[in-house]
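In the text below, chain A, chain B and the rest are named by the order of the sequence lines, each starting its count at 1. Atom set for the values below is all heavy atoms of this structure, side chains included, hydrogens, waters and symmetry mates excluded.
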Amino acid sequence: MFKAQRRTVVTVAAVAVVIVAAALVVTLTSGNGQASDRTYIGGGTSAWLYKPGHRPAAPSFSGTTLTGSKLKSSSYAGKALVLNFWGSWCGPCRGEAPTLAVLSQKYGKDKVSFLGDDVGDTPTNAQTFAKSMGITYPSLNDPGYQTAQDFGKAVLINDTPTTVVIDSTDHIAGVIYGAATYGELDTMLKKVSS
Amino acid sequence: MGINQGLAAVSGDFMIAALLIYSLAVLAFAGDLAFGKPRRASTAKAATAPVKEKELATVGGASDSDSSGGSDSGGSGAAPAAPGTPPALPEQRASVLQSMRDAGRWVQVAVGLSLTGTTAHLVAVVTRGLAAHRTPWGNMYEFVTALTCIAAIFFLGLMIRYRAWSLGIWVMAAVVLALGLAETVIYTPAGPLVPALQSYWLSIHVTAMTLATGIFFVAAVVGILFIVASRHESRISGGKAVEGENGLLARIPGSKQLDKLAYRTVVFGFPIWTFGVIAGAIWADEAWGRYWGWDPVETWAFITWVLYAAYLHARATAGFRRWAHYIQLLGFVSLVVNMLVVQVFVTGMHSYAGLS
Amino acid sequence: MTSTRTPESAPAREESKPPPQLPLWKWAWRQLTSMRTALILLFLLALASIPGSLLPQQGIDPGSVQQYFQSHKLIAPWLNHIGLFNVFASPWFAAIYLLLFISLIGCVLPRTFKLAGESRTPPPKAPRFLKRLPHSAAYVSPLPPREAADAAATVLGGRRFRIRRPSAEDTGDWVSGEKGYLREAGNLLFHLALLGILVSIGLGGMFGYKADKLLVQGQSFADTQSALDEFHPGRLVSGSALAPFDLTLKNFSAKYLMSGQDFGQPSSFKAGVSYTAQPGSPSKTDTIQVNHPLNVDSVKVYLIGHGYAPEFTVRDSRGHVVYDQATPFIPASTSTMLSDGVVKASNASPVQLGFMGVFVPTAVSHGNQLQSAFPAPDNPAVSLIGYRGNLGLNTGKSQSVYQLDTTAMTKVAGSPHLMSPGQTWKLPKGQGSITFTGYKQWASLQMTYDPGQIPALVCAILALAGLLLSFMIRRRRVFVRAVAADSGTGSVVTVGGLTRSDASGGFEEEFAELTAELSGSAGTENPSDSEGATGAEGAEGAEGATNQSETKA
């Protein structure tokens, strides 16, 4: 009787160990695969350029800017566009703002256009932010994340900030998740504007 | 909607009245125990223990010492228990009134008082609901008064169906104890409900839980009696005690009957508990956005369910059967812990006890 | 996992020592699927759940887990190490229920096959001595044995018993009848449905998601991952799977009891919303309440919290408006709605300004302490502490909007400043000002999508149905044997009955009725010699016997 009970315990323990081990193996090996339709930039997996032929079409959008004027995606047709989702409340946005300000000057209006999409924010806060950061390009007033949702169909916008680079044929050339670094965005823009 | 204070007061009065009448019923049952017509004990005097079972099986041509009585109406016509030989749980064949007459004055008074008390109890619960314009189990006090009412009704039905008069004192005493505690320790005046409880699922989920708790309450009392009786019986068979030596123990029905009674009670309560948990899950989905979230109260309802399931399995398994009733009691303990400890002291989404 | 064990299957499951010829895996499998193991696992499951209800759980209340870590510095890391803050997702909890379910499968599958086989084979032959069965009766029939048995078979058939009659090589005149196969079917259904519930939960965990969003009155949001405050996707879900609706919180109202002992207790919460299910589809309105979620595109939207968002306008030392926003404050007490929050004027120049404050809907002062007497906004006020310096946002690090990092800041004034709506606090030395312009209410919404929900519900209902079937139906066998009477004419018919389990009781009544009907059909008026033998339930009696012998062993 006693022996039999001990055997039961041993059996239970043995099978438990096997199951736990199997669970661990599954957790450790799954995920983290890199997709083959893109070239990663900057060493990580948070910024990439789509390979030619794999670029998703950019959705059209329209809205009102922070200063109250109407704006449509069609007015950027035929030109490369950097669309930056940001908010004055967001720390990383503050971190990347100088980079965006500098690069928007470097590429100039005729080569690459820059547009912000100000989410979850108020126009007053956003405008003082842009002013203090030296950002001169316009931003859509998008407190309800409408444009972010529109773009979500083509490419995942999972957090703020996210920067989407659109080529002159209205296709999404690349994405940067989190604060964009000078190196990442400059590399992308060189490719897109050439 | 305001509270009808007049009705709330009526409810309070009836609750006190029920408690008093129940107490008198317990006294009457005790009187039966002390001075009433001897039943099981007399067989020990009339015959020596070893042949008792055999005699019982033949007397009246229909006695069935093994069955719980409820299932044994097969056979010839009414067989009023002959003096000196009735089994602990007499036959159903005898009509209720006949059986009560045979059981003696004390039992008649006790059953009468129990029925009166239950009526008062029911009136108290219903008027409480009418006063607050809702199902009267929105806080801990109401829950306990409702579940004791259900336990009393369920038990009286059981007692009358199986003529189990000798169980009356034990279950009714437990009801008095629980109701007394409710009146003194956790009394909460009638009030409206917080938004989370404003749902028809309150009626469905809590009604099922109240019903099941009331039924498990009876099963637990019978389970304790089973453990006492079976220990006593094994002492007798081991020669450590003599049949009929202890008057109190001789008045408890045999362990086999008690085992079956408890089993059938649990079998009745378990699906209701299961339904209550499912209804609670549906409600949780409606109110909190998930049907199961391991909230402390959910966790303990699950533990209770698992323990009663273990009881049902253990009782059906040779070698585990003698542990079955301990498991059943553990299940009831977990139920009480959930009700009185977890819902009151552990913070969770079910913190509605209204005792803070 | 058999809730009633048939005597036939009992020996296999009671095996505890491996017979020498049995391979180890087979023995282990038998051990795992034995009732003993199942019971141990059931106990472990109950036991393992307890810490999950007593310790704060990461998946339910992460804030309390953090608090626990702070107040129990010594043991918390150890408890965390063995997964006690995430019991229901821990490997050992999973090991218990997976083993339990493997054990269940190991028990239920063979029984399913057995039942399928039994339902195709006729009942066993009638035993020779029916009087030995737990239930037996006898009557005299004027018919010869063969016809008496035929008549009995007709009665049993009419009562939907599965019938077996003697074949050519059998001797005697008898009938075997069996009924109540649904009992075992119900029992199996119950166990299989439990398995189904587990699978459904897994389904929800893989393909479902849960998300939170706080909206101030008047604000709207499009359901997309970056708009969400919290997003908990299932293992196989990405943000692009979100339903593309958008929703506006048009108004929010909370009502509280104004009198009685439950003074201040909420009596209703209502969030008026308008929404479009798809871009371009017509806008609809709805009122979300605590027990009344909104259903959009199979996603349910729940009202899970509410609070106040005081509106502030901050000017810097130059007089420029640098902050203008309704700022959600988080209730520290849901009974009084005293709430905490912060204002970060990160664009103030030349130095950033920050405010840490308390909002009270009904302000009362207890000495120097600002408190709230009632959750409704009867006398709203804020009390602010001002800071100047570096908010710590310039590094580009992510920061909670509800917390102020004051490590690089200094207070602008010694004591907190109390304000009513409309009042402005001019900061000392011309450092700027803050105006408390008013307040709005906010509601926090939870979006859930759980594809396992309906399957789980269906399985739960099936489990309950199976449970009821197995409790209410009894499996029983009735045998009838007729022999020629000694007198030469007619026959003596004996009836025997056996039930394997009788949870709800009542077989005796049925047997008595059946006997009466049988003897009636045989043309006899007087059933004789009816015996309710000892042991109302044959199988239970047998088990009782084994039980006793084990006790003594």
Leading residue by heavy atom contact count with chain B [cutoff under 4.5 Å; candidates [options]]:
| options | answer |
| --- | --- |
| C:L54, C:I201, C:I461 | C:I201 |
| C:P266, C:A460, C:G208 | C:P266 |
| C:Q453, C:E513, C:K300 | C:Q453 |

Heavy-atom distance under 4.5 Å to chain C: side chain of [X], backbone, both or neither?
| X | answer |
| --- | --- |
| B:F268 | neither |
| B:W294 | both |
| B:F275 | both |

How are the rings of [X] and [Y] set relative to one another: parallel (under 30°), tilted (30 to 60°) or perpendicular (over 60°)?
| X | Y | result |
| --- | --- | --- |
| C:Y209 | C:Y449 | tilted |
| C:F190 | B:W305 | tilted |
| C:H306 | C:Y256 | tilted |

Who are the salt bridge (charged side-chain N to carboxylate O under 4.0 Å, His left out) partners of C:D212, not counting sequence neighbours?
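Listed in chain order: nothing, the list is empty.
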
Test of understanding: with salt bridge (charged side-chain N to carboxylate O under 4.0 Å, His left out), list the residues that count as partners of C:E230, not counting sequence neighbours.
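Counting only residues at least two positions away or on another chain, C:E230 forms no salt bridge (charged side-chain N to carboxylate O under 4.0 Å, His left out).
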
Exactly one of B:F320, B:F332, B:Y308, B:Y311 should register a ring pair (Phe, Tyr, Trp, His ring centres under 6.0 Å) with B:H325. Which one does?
B:Y311

Looking only at heavy atoms and a cut-off of under 4.5 Å, which of B:A309, B:A310, B:G293 has the most pairs with chain C?
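Looking at each option in turn, the highest pair count goes to B:A310.
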
Which of B:T299, B:V337, B:I327 touches chain C most, by non-hydrogen pairs under 4.5 Å
B:T299

Is C:T448 in contact with chain B via its backbone, its side chain, both, or neither, using a 4.5 Å heavy-atom distance?
side chain

For C:A463, is it the side chain, the backbone, both or neither that has a heavy atom under 4.5 Å from a heavy atom of chain B?
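Neither the backbone nor the side chain of C:A463 comes within 4.5 Å of chain B.
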
Do C:V290 and C:Y302 pass the side chain to side chain contact (heavy atoms under 4.5 Å, CB included) test, and can you show the C-alpha distance, the side-chain angles, and the key distance before you say yes or no?
CA-CA 7 Å; C:V290 175; C:Y302 298 86; over 6 Å; no

